[in-house]
Amino acid sequence: MLLILIVISVICTIVSSYIDSNIMHYIFKPLSTILVILLPVLYAKNGLKPYKNIILIGLVFCLIGDVFLMFDAYFVFGLASFLIGHVLFIYAFASIRGFSWNLKTLMPLVLVAGLIFFNLKDHLGDLLIPVILYVTCIVLMAWQAINVYVWKKEYGFLLIAIGASLFLVSDSVLSYRKFIGDFTIAQFLVSSTYWTAITLISLSTIYINKKTSAAI
């Protein structure tokens, strides 16, 4: 039921952007993330393990970032909030088996991030350094998430690998839209991939807590 509510709320958020309804947007954008946060709160029942707690705090920073990004004047604060969220996700993923240095999985991510940054760099102005930090952080997050799944191909780890990868897609489209130019389906791509990403990461707390006995 909660997943259905998340889907409905996200659809309303996307629709609000296309019909220019600020009231809908201000209601359903934060509500969508709040509903995602409720997944581990309500369904990860087997104790407050570190992994679940760290993910929850990271999701709260995503919520704060969502609120800031509703207002153009607070874009930097939104960026900082998501940066903190990504750092927490990196810590959570690394807590499963330690920080992984698998360079084979890093190279494709660096290539993708490099291409994205190459197209953005001339449009960033004073945000050049913050964006470099942000891109580095999200690449590290996706890298650690993928490495956990490569290490042990379990369902919970697949969720975080897909989720973190979709986060990279969402932020890439958001960056293009913000700094280069908008296009018709940009908002749909940003929203659908972002909330799918955090929903999968949120759901991972249920499956990893149930099925994984690693030191988390």
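Along the sequence shown, the residues carry numbers beginning at 1.
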A.B. asks: With no hydrogens and no angle check, do the side chains of W143 and T105 hold a donor and an acceptor under 3.5 Å apart?
C.D. replies: yes
A.B. asks: Please confirm whether the backbone N or O of A44 pairs with a side-chain atom of K52, one donor and one acceptor, at under 3.5 Å?
C.D. replies: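 It does hold such a pair.
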A.B. asks: Taking all heavy atoms of L124 and all of L120, pick out the closest pair and write down the distance.
C.D. replies: CG-O, 3.3 Å
A.B. asks: Answer with yes or no after comparing the ring centroid distance for H86 and Y134 against a 6.0 Å cut-off, counting only values under it.
C.D. replies: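 Yes, the ring centres sit under 6.0 Å apart.
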A.B. asks: Answer whether the closest heavy-atom distance between the side chains of S175 and V131 falls below 4.5 Å.
C.D. replies: no
A.B. asks: Is the distance between the ring centroids of F157 and Y149 less than 6.0 Å?
C.D. replies: no
A.B. asks: According to a 4.5 Å side-chain heavy-atom criterion applied to Ile, Leu, Val, Met, Phe, Trp and Tyr, with indirect links allowed, do L103 and L109 form part of one hydrophobic cluster?
C.D. replies: yes
A.B. asks: Are V7 and L3 side-chain neighbours, meaning at least one heavy-atom pair lies under 4.5 Å?
C.D. replies: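 In short, these two side chains do not touch, never coming nearer than 4.5 Å.
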A.B. asks: Look at the side chain of S9 and the backbone N and O of F28, then say whether any donor-acceptor pair between them is shorter than 3.5 Å.
C.D. replies: yes
A.B. asks: Can you list the steps and then say if V135 with I116 is a side-chain contact (heavy atoms from CB on, under 4.5 Å)?
C.D. replies: CA-CA 9 Å; V135 170; I116 294 168; 5.9 Å; no
A.B. asks: Can any side-chain N or O of S170 pair as donor or acceptor with the backbone N or O of L166 at less than 3.5 Å?
C.D. replies: no
A.B. asks: Would one find more than 12 heavy atoms of other residues, nucleotides or ligands at under 6.0 Å from atom CD1 of I23?
C.D. replies: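 No, CD1 of I23 has 12 or fewer neighbouring heavy atoms, counting only those of other groups under 6.0 Å.
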A.B. asks: Identify whether V148 and V87 are in the same connected component of the hydrophobic contact network (ILVMFWY, side-chain heavy atoms under 4.5 Å).
C.D. replies: no
A.B. asks: T13 and K29: which non-hydrogen atoms are nearest, and at how many Å?
C.D. replies: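 Heavy atoms of T13 and K29 come nearest at OG1-N, 3.5 Å.
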A.B. asks: Under the side-chain contact (heavy atoms from CB on, under 4.5 Å) rule, what do Y51 and I208 come out as? Steps first, then yes or no, please.
C.D. replies: CA-CA 9 Å; Y51 177 81; I208 290 175; 3.6 Å; yes
A.B. asks: Is it true that a side-chain atom of T196 and a backbone atom of T193 form a donor plus acceptor pair closer than 3.5 Å?
C.D. replies: no
A.B. asks: Do L127 and F75 have side chains that approach each other closer than 4.5 Å (heavy atoms only, starting at C-beta)?
C.D. replies: yes
A.B. asks: Verify the neighbour count for atom OH of Y91: are there more than 12 heavy atoms of other residues, nucleotides or ligands below 6.0 Å?
C.D. replies: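 No, because the 6.0 Å sphere around OH of Y91 holds 12 heavy atoms or fewer from other groups.
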A.B. asks: Atom CG of L133 and atom CG of L128: how far apart are they, to the nearest 0.5 Å?
C.D. replies: 9.5 Å
A.B. asks: What's the shortest heavy-atom distance between A186 and R177, and which atoms?
C.D. replies: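 Closest approach of A186 to R177: CB-CD, 3.6 Å.
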A.B. asks: Kindly say whether Y18 contributes a backbone atom to a donor-acceptor pair with the side chain of Q187 at under 3.5 angstrom?
C.D. replies: no
A.B. asks: Inspect the surroundings of CZ in F99 and state if more than 12 heavy atoms from other residues, nucleotides or ligands are less than 6.0 Å away.
C.D. replies: yes
A.B. asks: Identify the two heavy atoms, one from M70 and one from P30, that lie closest to each other, and give their separation to 0.1 Å.
C.D. replies: SD-CD, 4.1 Å
A.B. asks: Given the rule that I, L, V, M, F, W and Y join up when any side-chain heavy atoms are under 4.5 Å apart, are V10 and I37 in one cluster?
C.D. replies: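 Yes; I37 is reachable from V10 via cluster members.
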A.B. asks: For residues I90 and C137, report the shortest heavy-atom separation together with the two atoms involved.
C.D. replies: CD1-O, 3.4 Å
A.B. asks: Would you mind telling me which of I55, I84, I57, I54 makes a side chain to side chain contact (heavy atoms under 4.5 Å, CB included) with F89?
C.D. replies: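 Considering I55, I84, I57, I54, a side chain to side chain contact (heavy atoms under 4.5 Å, CB included) with F89 is found only for I55.
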A.B. asks: Could you check whether Y194 and D66, counting side-chain N and O atoms only, form a donor-acceptor pair closer than 3.5 Å?
C.D. replies: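 Per modelled atom types, D66 and Y194 side chains form a pair under 3.5 Å.
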A.B. asks: Evaluate F167 against I138 for side-chain contact (heavy atoms from CB on, under 4.5 Å), listing each step before the verdict.
C.D. replies: CA-CA 8 Å; F167 224 137; I138 197 167; 4.2 Å; yes
A.B. asks: Just verifying a value: how many Å separate L203 CG and I162 CD1, rounded to the nearest 0.5 Å?
C.D. replies: 11.5 Å
A.B. asks: Do I96 and I160 come close enough that some side-chain heavy atom pair is under 4.5 Å?
C.D. replies: yes
A.B. asks: To the nearest 0.5 Å, what is the distance between CG on L59 and OG1 on T199?
C.D. replies: 9.0 Å
A.B. asks: Would the distance check show the side chain of T205 and the main-chain N or O of S202 forming a donor-acceptor pair, the cut-off being under 3.5 Å?
C.D. replies: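 Yes; judged by distance alone, with no hydrogens or angles, the pair exists.
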A.B. asks: Report the distance from atom CD1 of I27 to atom OG of S32, rounding to the nearest 0.5 Å.
C.D. replies: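 Between atom CD1 of I27 and atom OG of S32 there are 11.5 Å.
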A.B. asks: Hey, are the side chains of I146 and F93 touching, using non-hydrogen atoms and a 4.5 Å cut-off?
C.D. replies: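 No; the side chains remain at least 4.5 Å from each other.
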A.B. asks: Is L168 linked to L115 within one hydrophobic cluster, defined over Ile, Leu, Val, Met, Phe, Trp and Tyr using a side-chain heavy-atom separation of less than 4.5 Å?
C.D. replies: no
A.B. asks: Which heavy atom in A164 sits nearest to a heavy atom in A142, and how many Å separate them?
C.D. replies: CB-CA, 3.8 Å
A.B. asks: Enter the distance from I14:CD1 to I185:CD1 here, rounded to the nearest 0.5 Å.
C.D. replies: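 It is 11.5 Å, given to the nearest 0.5 Å.
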A.B. asks: Take a 6.0 Å sphere around CG of D126 and say whether it holds more than 12 heavy atoms from other residues, nucleotides or ligands.
C.D. replies: no
A.B. asks: Tell me if the CZ atom of F117 is crowded by more than 12 foreign heavy atoms within 6.0 Å.
C.D. replies: yes
A.B. asks: So, T33 versus W195: side-chain donor-acceptor pair below 3.5 Å or not?
C.D. replies: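 Distance-only check passes for T33 and W195.
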A.B. asks: What's the separation between atom CG in N102 and atom CG in N147, rounded to the nearest 0.5 Å?
C.D. replies: 4.5 Å
A.B. asks: Within the 4.5 Å heavy-atom criterion, are C62 and F82 side-chain neighbours or not?
C.D. replies: yes
A.B. asks: If you count the non-hydrogen atoms of other residues, nucleotides and ligands that lie under 6.0 Å from CZ in F77, is the total more than 12?
C.D. replies: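 At most 12 heavy atoms, drawn from other residues, nucleotides or ligands, come within 6.0 Å of this atom.
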A.B. asks: Are L158 and K153 close enough that some pair of their side-chain heavy atoms sits under 4.5 Å apart?
C.D. replies: no
A.B. asks: Can Y26 and S16 be counted as having a side-chain donor-acceptor contact under 3.5 angstrom?
C.D. replies: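 Not at all, the side chains of Y26 and S16 share no donor-acceptor pair under 3.5 Å.
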A.B. asks: Flag yes if W101 and V150 sit in one hydrophobic cluster, no otherwise; membership is Ile, Leu, Val, Met, Phe, Trp, Tyr, and two members link when side-chain heavy atoms are under 4.5 Å apart.
C.D. replies: yes
A.B. asks: Is any side-chain heavy atom of F183 closer than 4.5 Å to one of L189?
C.D. replies: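 In short, these two side chains touch, coming nearer than 4.5 Å.
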